[in-house]
Amino acid sequence: MPPKGKAAQKPKAGICMCVAATTKPSAPAAPGTNNNNNNNNASKQPEKEEPSTVAELSRYHFELCHPFEGKRSTTQADQLVWLASRLATRLPVQFLGAKGQKDLWKTVNEHSLPARGFNLRKYKKRQQQHKGVDSRGRDIGEYTAKEWGIRQEKRVTLSCLQLQSQRFRELRDRQKRGFVDCQTGDQVLVTDSEYTEEKQRRREMERLSRELYGAEGMARQGKLALDPEWDDVVPIVMEDPENALAAIAYSPDYAEAMSYLRAVMSAKEYSPRSLKLTEYIINLNPAHYTVWLFRAAIIFAMKLPIPDEITWLNQIALENLKNYQIWHHRNLLVEHYHPSIASDPPALASFATSEREFLTQILAEDTKNYHVWSYRSWMVGKLGVWGNPEELRSTEELIEQDVRNNSAWSHRFYLVFSDPENCTPGKKYAATEADPKVPGEIVDREVAYAEEKIRLAPQNQSGWNYLRGVLVKGGRGLSSVREFAEEFVKGLGEGEESEEVRSSHALDLLAEVYKELGERERADLCLRRLMEKWDRIRGGYWQWRREGLGLAEVAA
């Protein structure tokens, strides 16, 4: 206990807090000086600026309660004052002797030392909180008191969300173990709404963590890691070998999704969430063929409706026109679906119509898409729509839009001359061989059609190739269209001014017509003029053709 003398009266408890709340720190008085002088000198000193940041405010409060903290390494008198200020705030004061306590409280009263101060450990802990930078790279110590309060509120909110998320995990664990609620007697179940709330909660936790600590201050949480539906799956991460020469720079979302895909594929999990995962990965990378194969396996294992999958696939195909995997997947779906409608003609016709309408739609975006035409040819044979007039009319519309669309010409040839009704079954004759079963009226129709379109664009090779193919399939010689080909060649060999060739392809055809008729000189003339003027870029080819005629002057 301090002595009963007036000079030894102990300052009232809480003096530090009052000073901290109402006054600003002043320079400590020197030992042995009068308090009045100290007060006068302090009043003459310029006032310090108000603390504006949390670091300054924390230091300000500390200095109010420890005004002599900076004096510990100065003069001996200042060190004694510092020691008194430290002892006055500690319980061991009562163990000092009577004289020691008297001297201590005398020093406390003379220098107006606070008898209660901030805990130094708490102060250092608070200082640690003010160190570092936030997610935007700003020094946390430069926060204002208001900004610090907002940050603390976010931290409290994050802690509360983490506790709620932990409760959800415990509840789901009880469900897996088959626990029964002791109050209701019902089995513990996690509802869909609770799953939805947990998903939203994790997104909010991830957002708050990024705002508070940034990407470097936390473990990265991907979309699937934040989804409680995938908590029971241990992802299989693929790591590139050390010192890889060409490591692939996957995006974080794609790398995470593939790690979960490997896990469900390894477990052969054919479930709705696996199907949803394949859709997510396809949106990230529609060219990943393994994902498409696994998706098809899921659909077949779960016996999902094929038309629904095709409807979904249509939109993906329109967004990725040049993707082969989409059409292979469609091929697998139709192969699997066809047996269920093969014995139902109306259902088969309806499905064929829907497929044709979609193919027309996608070909309007890209009329020469090889994958689409390849699938269309296969579909015609699979669904048996050879003689469907709508299919033939569809090719006519595409040729009318662009007479140079070689894909449409090829598909028309396939439709007409591969139809089991109009050709020898068993693929006995190749596309370049005559087929005696092809009706003459079909050959006449196709010859007329080809001639009509050739007149629209004489220099377009597609029509001429189609005409040749029709004549070969019908077993007719090229000489049967001699007059038609001669329409495009006038005054051949009669001089530069008189010679007129509207189509080099007609001149090429005439060379074969004349050879077929035995008029080798005229055939040679056609080839020579092609080499010299009308198609000089392929001069070597025309010369080789001339040598095939067997004329002496050409061989020489």
Side-chain angles (χ1 to χ4, degrees), residues 306-307 310-311 313-324 326-331 333-335 337-338 341-342 345-423 431 438-439 441-457 460-467 469-470 473-474:
I306 300 300
I310 290 179
T311 300
L313 189 63
N314 288 349
Q315 185 59 37
I316 301 298
L318 288 170
E319 295 172 357
N320 303 273
L321 297 177
K322 296 295 187 181
N323 188 299
Y324 166 73
I326 291 175
W327 297 99
H328 180 260
H329 183 66
R330 196 182 195 95
N331 186 296
L333 294 175
V334 176
E335 284 277 13
Y337 182 57
H338 180 261
I341 60 175
L348 188 63
S350 176
F351 181 72
T353 300
S354 64
E355 285 294 276
R356 184 184 308 107
E357 290 175 351
F358 172 70
L359 295 178
T360 301
Q361 179 184 1
I362 199 168
L363 285 173
E365 301 290 333
D366 183 6
T367 58
K368 300 178 182 180
N369 191 316
Y370 172 78
H371 304 312
V372 178
W373 284 112
S374 178
Y375 171 80
R376 188 168 192 171
S377 298
W378 173 85
M379 182 205 70
V380 167
K382 187 65 180 179
L383 302 183
V385 293
W386 305 98
N388 193 312
E390 292 298 326
E391 186 69 20
L392 192 63
R393 190 176 299 114
S394 177
T395 63
E396 292 177 356
E397 292 175 356
L398 289 169
I399 291 174
E400 288 177 3
Q401 295 171 10
D402 181 10
V403 73
R404 296 172 177 81
N405 190 339
N406 190 61
S407 299
W409 282 104
S410 298
H411 187 66
R412 182 182 180 91
F413 189 87
Y414 176 74
L415 277 177
V416 174
F417 297 105
S418 296
D419 185 352
E421 296 293 330
N422 301 326
C423 69
V438 176
E441 58 272 16
I442 289 182
V443 176
D444 294 337
R445 183 193 70 188
E446 295 305 306
V447 167
Y449 180 79
E451 291 179 348
E452 176 190 354
K453 300 306 177 184
I454 288 173
R455 289 189 175 97
L456 298 176
N460 171 37
Q461 190 174 6
S462 299
W464 291 101
N465 287 342
Y466 187 82
L467 179 60
V470 170
K473 267 297 179 184

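What you see is a predicted model, and the numbers here were worked out from it, not measured in a lab. Just so it is clear, the values below take in all heavy atoms, side chains as well, and ignore hydrogens, waters and symmetry mates.
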Handout entry: Counterpart residues, ring-ring contact (aromatic ring centres under 6.0 Å, His included), relative to Y337 (two or more places apart)
Key = F351

May I ask you to test the [X]-[Y] pair for a side-chain heavy-atom distance under 4.5 Å?
{"X": "I454", "Y": "Y466", "value": "no"}
{"X": "H411", "Y": "V380", "value": "yes"}
{"X": "N314", "Y": "R330", "value": "yes"}
{"X": "M379", "Y": "N331", "value": "no"}
{"X": "E441", "Y": "R445", "value": "no"}
{"X": "D366", "Y": "V372", "value": "no"}
{"X": "V443", "Y": "K473", "value": "no"}
{"X": "V385", "Y": "E355", "value": "no"}

Problem - side chain to side chain contact (heavy atoms under 4.5 Å, CB included), paired with F358, selected from L313, I310, L318 - result: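 Option passing the side chain to side chain contact (heavy atoms under 4.5 Å, CB included) with F358: L318.
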
Problem - Test side chain to side chain contact (heavy atoms under 4.5 Å, CB included) applied to A431 - qualifying residues, sequence neighbours left out - result: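 Partners of A431 under the side chain to side chain contact (heavy atoms under 4.5 Å, CB included) test: F413.
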
Does [X] reach the main-chain N or O of [Y] with its side chain, forming a donor-acceptor pair under 3.5 Å?
{"X": "N369", "Y": "L321", "answer": "yes"}
{"X": "T395", "Y": "L392", "answer": "yes"}
{"X": "W327", "Y": "K322", "answer": "no"}
{"X": "D419", "Y": "N422", "answer": "no"}
{"X": "W373", "Y": "S410", "answer": "no"}
{"X": "S350", "Y": "P346", "answer": "no"}
{"X": "N320", "Y": "I316", "answer": "yes"}

Interatomic spacing from [atom1] in [X] to [atom2] in [Y] - rounded to 0.5 Å:
{"X": "R404", "Y": "S462", "atom1": "CZ", "atom2": "OG", "result": "9.0 Å"}
{"X": "L333", "Y": "H338", "atom1": "CG", "atom2": "NE2", "result": "14.5 Å"}
{"X": "N460", "Y": "N406", "atom1": "CG", "atom2": "CG", "result": "8.0 Å"}
{"X": "T360", "Y": "E390", "atom1": "OG1", "atom2": "CD", "result": "9.5 Å"}
{"X": "E397", "Y": "N405", "atom1": "CD", "atom2": "CG", "result": "13.0 Å"}
{"X": "L467", "Y": "E446", "atom1": "CG", "atom2": "CD", "result": "10.5 Å"}

Exercise for the section: Would you please test E396 and R393 for salt bridge (charged side-chain N to carboxylate O under 4.0 Å, His left out) and show each step? Expected result: CA-CA 5 Å; E396 292 177 356; R393 190 176 299 114; 5.5 Å; no

Practice task
Identify the two heavy atoms, one from A457 and one from V403, that lie closest to each other, and give their separation to 0.1 Å.
Solution key: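 Scanning both residues, the minimum pair turns out to be CB-CG1, 3.7 Å.
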
Practice task
Work out which heavy atom in G463 is nearest to a heavy atom in A450; give both atom names and the distance.
Solution key: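 Where G463 meets A450 most closely, the heavy atoms are O-CB, 4.3 Å.
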
Exercise for the section: Flag the pair R356 and E391 as a salt bridge only when some basic side-chain nitrogen lies within less than 4.0 angstrom of an acidic carboxylate oxygen. Expected result: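 Salt bridge between R356 and E391, a charged N being under 4.0 Å from a carboxylate O: yes.
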
Practice task
Decide whether a cation-pi geometry holds between R376 and Y414; the criteria are a distance under 6.0 Å from NZ or CZ to the six-membered ring centre and an angle within 45° of the ring axis.
Solution key: no

Exercise for the section: Measure centre to centre between the rings of Y375 and W378, then say whether the value is under 6.0 Å. Expected result: yes

Practice task
Go through the side-chain N and O atoms of Q315 and E319 and say whether any donor and acceptor fall under 3.5 Å apart.
Solution key: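 Distance-only check passes for Q315 and E319.
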
Exercise for the section: Determine, step by step, whether I399 and W409 satisfy the side-chain contact (heavy atoms from CB on, under 4.5 Å) criterion, reporting the C-alpha distance in whole Å, the side-chain angles of both residues, the deciding distance to 0.1 Å, and the verdict. Expected result: CA-CA 7 Å; I399 291 174; W409 282 104; 3.9 Å; yes

Practice task
For side-chain contact (heavy atoms from CB on, under 4.5 Å), just list the numbers for K453 and E400, CA-CA rounded to whole Å, side-chain angles, deciding distance to a tenth of an Å, and then say yes or no.
Solution key: CA-CA 8 Å; K453 300 306 177 184; E400 288 177 3; 3.7 Å; yes

Practice task
Test side-chain contact (heavy atoms from CB on, under 4.5 Å) on V470 and Y449 and set out the steps.
Solution key: CA-CA 11 Å; V470 170; Y449 180 79; over 6 Å; no

Handout entry: Within residues 379-389 or reaching into it, pairs that qualify as side-chain hydrogen bond (donor to acceptor under 3.5 Å, both in side chains) - sequence neighbours excluded
Key =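 Every side-chain hydrogen bond (donor to acceptor under 3.5 Å, both in side chains) pair that includes a residue of residues 379-389, provided the two are not neighbours, is E335-K382.
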
